[in-house]
Amino acid sequence: MARDEQRSALGRARGLGAAGEGVGHWWAQRLTAVALAPLSLWLVASLVGKIGASRAEVVDWAASPLVAVLLVATLVALFHHAQLGLQVIVEDYLHTPWIKIAAIVLIKGAAIFLALLGILTVLLMALGRVG
């Protein structure tokens, strides 16, 4: 009898598939959601408070160290959370392997690009290069 035939179905399945990766993905999505709840409330309340402010006043507000850090944290959490969610949709509903891989690469690339663009903008405001 071959060695593989002696193992149970559970024994053969252990170590296969993306079970470990799925748990990490799930936790990352939950943690980014938890982070986004207070960050989003802070951002919306802050921006509502800036209604009627001049562009220079908004840039000065965004350039303060605490606000800049919170904006960067919001951008990182937002784009990571969006990328994770879109990846799940692609994995669940696209069945052609090369299309699935291309879509995931595009989504991750767009999330990284947009997050870096947002972070660069915040840094430029914080350094006084935008005004």
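Since this is a predicted model, take the numbers as computed values, not measurements. Start at 1 with the first residue, then count along the sequence. Reckoned from all heavy atoms, side chains included, excluding hydrogens, waters and symmetry mates.
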Note to self: Are Phe79 and Leu123 linked, directly or through intermediate hydrophobic residues, by side-chain heavy-atom contacts shorter than 4.5 Å (ILVMFWY only)?
What the structure shows: yes
Check: Rounded to the nearest 0.5 Å, how far apart are CD1 of Ile99 and CD1 of Ile104?
Finding: 12.0 Å
Checklist line | Over all atoms of both residues, closest heavy-atom pair of Leu71 and Ala62 | finding: CD1-CB, 3.9 Å
Check: If every non-hydrogen atom of Gln29 is compared with every non-hydrogen atom of Gly85, which pair is closest and at what distance?
Finding: NE2-CA, 3.1 Å
Next item on the list: Looking only at non-hydrogen atoms, find the nearest pair between Ala103 and Leu94 and report the distance.
Entry: CB-CD1, 3.9 Å
Note to self: Rounded at 0.5 Å granularity, tell me how far CD1 in Ile119 sits from CG in Leu114.
What the structure shows: 11.0 Å
Next item on the list: Following the transitive rule for hydrophobic clusters with a side-chain heavy-atom cut-off under 4.5 Å over Ile, Leu, Val, Met, Phe, Trp and Tyr, establish whether Val72 and Trp61 coincide in one cluster.
Entry: yes
Checklist line | Joint cluster assignment, Val44 & Ile51, ILVMFWY side-chain distance < 4.5 Å | finding: yes
Next item on the list: Spell out, yes or no, whether Val34 and Leu36 are grouped together once hydrophobic residues are joined by side-chain heavy atoms under 4.5 Å, including indirect joins.
Entry: no
Next item on the list: Report the distance from atom CG of Leu75 to atom CG of Leu120, rounding to the nearest 0.5 Å.
Entry: 11.0 Å
Note to self: Hydrophobic clusters here meaning ILVMFWY residues chained together by side-chain heavy-atom distances under 4.5 Å, can you tell me if Val69 and Leu43 are in one?
What the structure shows: no
Margin query: Restricting to non-hydrogen atoms, name the atom on Glu91 and the atom on Lys100 that form the minimum distance, rounded to 0.1 Å.
Written below: O-NZ, 3.5 Å
Checklist line | Student check: side-chain heavy atoms of Trp26 and Val88 closer than 4.5 Å | finding: no
Check: Which atoms form the tightest heavy-atom contact between Ala53 and Val58, and what is the distance?
Finding: CB-CG2, 4.1 Å
